[in-house]
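Written out below as structure tokens is the structure these notes cover.
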2 protein chains.
Amino acid sequence: MRITKHRQEILDVLDHSEEALSASAIHASLPHINLATIYRNLESFVEAGTITKLNLGGEEAQYEIQDEPHHHAICNECNKVIHFTVDDEKLVKEFALPGFLITNLEVTLRGTCATHKTKTK
Amino acid sequence: MRITKHRQEILDVLDHSEEALSASAIHASLPHINLATIYRNLESFVEAGTITKLNLGGEEAQYEIQDEPHHHAICNECNKVIHFTVDDEKLVKEFALPGFLITNLEVTLRGTCATHKTKTK
DNA sequence: GCTATAATGCAAATCATTCGCATTTAGTAT
DNA sequence: ATACTAAATGCGAATGATTTGCATTATAGC
């Protein structure tokens, strides 16, 4: 994969972001890059394993740099995504299914984040 | 929510299906019901908690009857979805995040199902 | 049965994502 | 440095899933 200025910029934006970003969010930060190009590059990065594509529910997919493997907790109120890690090895053992070879483990929690906890009925 | 013939048919199809179905799959089984109506009803059922909407990766969302809570293992080769259960209570304790109130727990495994295990490189 | 309201069909509108194709550019060989 | 080839871009149009507006019809209560 070639190292183009665009690709560097896209990775840069993702790298400096605390949260996962959608293609359009990236495009908002880099309006000079065509949206189709952003999609194409994101896809390339996902294939290369550089970033991860998240389908957390609704409309747009979110993308994030693949640092260490982690999981996601999503606030029902504000859709904020919090990262957390657990002992994946251990979980994989717990989840052992007959005949199923686990290559990837994804835990998604839904709930209420600290900021909105009090507001919950 | 009114009990209409259409709604009963849709639930029936989901009830008799081993796997989660997409809106278009349901429409294929019930071609006399308008696709928009199917979408509207699926949404109502989700709100009512009767069914669950799954966003397992790609294109279409999948819907399934909400029996007992369970999780999903998806085969990378054939996209078959296998259900499994674990001790959710226990996991919630393990995952405890400071300031985050967990209301829902979703585990998604990716890997290779029994049928395709041998074919993996 | 009569009525008010929710459900349905249909077609058009949205929205995210993808594609085709002509043009430009990175990486490489000359 | 210069020329070349394949990959990367931009742009606009195409797709595909899902939603919406609105006129029509059916359901639940009276």
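Here is how names work: the chains are called A, B, and so on, in the same order as the sequence lines, proteins then strands, and each is numbered from 1.
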Options C:dT17, D:dA17, D:dT9, nucleotide nearest the side-chain atoms of A:Ala61: C:dT17
Length of the line joining A:Arg40:CZ and D:dA8:C1', which is rounded to integer Å: 7 Å
Sugar-phosphate only, base, or nothing, as touched by B:His27 at under 4.0 Å among non-hydrogen atoms: nothing
Presence of B:His6 side-chain N/O under 4.0 Å of C:dG9 phosphate oxygens OP1/OP2: yes
Check: B:His71 ring centre within less than 6.0 Å of B:His83 ring centre: no
Selected nucleotide, minimal atom distance to A:Ala36 side chain, candidates D:dA7, C:dG9, C:dT18: C:dT18
Whole-Å distance separating the CD atom of A:Glu43 from the C1' atom of D:dT9: 15 Å
Distance in angstrom units between B:Glu47 CD and C:dA6 C1', rounded: 14 Å
Side-chain (B:Ser44) to main-chain (B:Arg40) donor-acceptor, under 3.5 angstrom: yes
B:Ser24 vs B:Met1, nearer the 5' end of DNA chain D by closest nucleotide: B:Ser24
Nearest-Å distance for atom pair CD/C1', residues A:Glu9 and D:dT9: 13 Å
Gap between atoms CG and P, on B:Asn55 and C:dC15 respectively (whole Å): 19 Å
Side-chain donor or acceptor of A:Arg7 paired with backbone N/O of A:Arg2 under 3.5 Å: yes
Rounded distance in Å - CD1 (B:Ile3) to C1' (C:dA6): 13 Å
Nearest to side-chain heavy atoms of B:Thr4, which nucleotide of D:dT27, C:dT18, D:dT19: D:dT27
Under-4.0 Å side-chain N/O to phosphate OP1/OP2 contact, A:Asn34 with D:dG12: no
hbond_proxy B:Arg2 side chain to D:dG29 base (donor-acceptor, 3.5 Å cutoff): no
Base-pair map of DNA chain D as dot-bracket, where | denotes pairing with a different strand and pairs are Watson-Crick or G-U under 3.5 Å: |||||||||||||.|||.||||||||||||
Residue list, side-chain hydrogen bond (donor to acceptor under 3.5 Å, both in side chains) with A:Thr4, at least two apart or on another chain: none
Whole angstrom value for the distance that separates P of D:dT15 from CD of B:Glu60: 17 Å
Atom pair distance, as rounded to whole Å: CG in A:Leu42 and C1' in C:dT17: 11 Å
Main-chain N/O of A:Ser22 paired to A:Glu60 side chain as donor or acceptor, under 3.5 Å: no
Distance-only donor-acceptor check, side chains B:Thr85 and B:Glu68, under 3.5 Å: no
All pairs passing side-chain hydrogen bond (donor to acceptor under 3.5 Å, both in side chains) where residues 11-20 of chain A contributes a residue, at least two apart: none
Presence of B:Thr37 side-chain N/O under 4.0 Å of C:dG9 phosphate oxygens OP1/OP2: yes
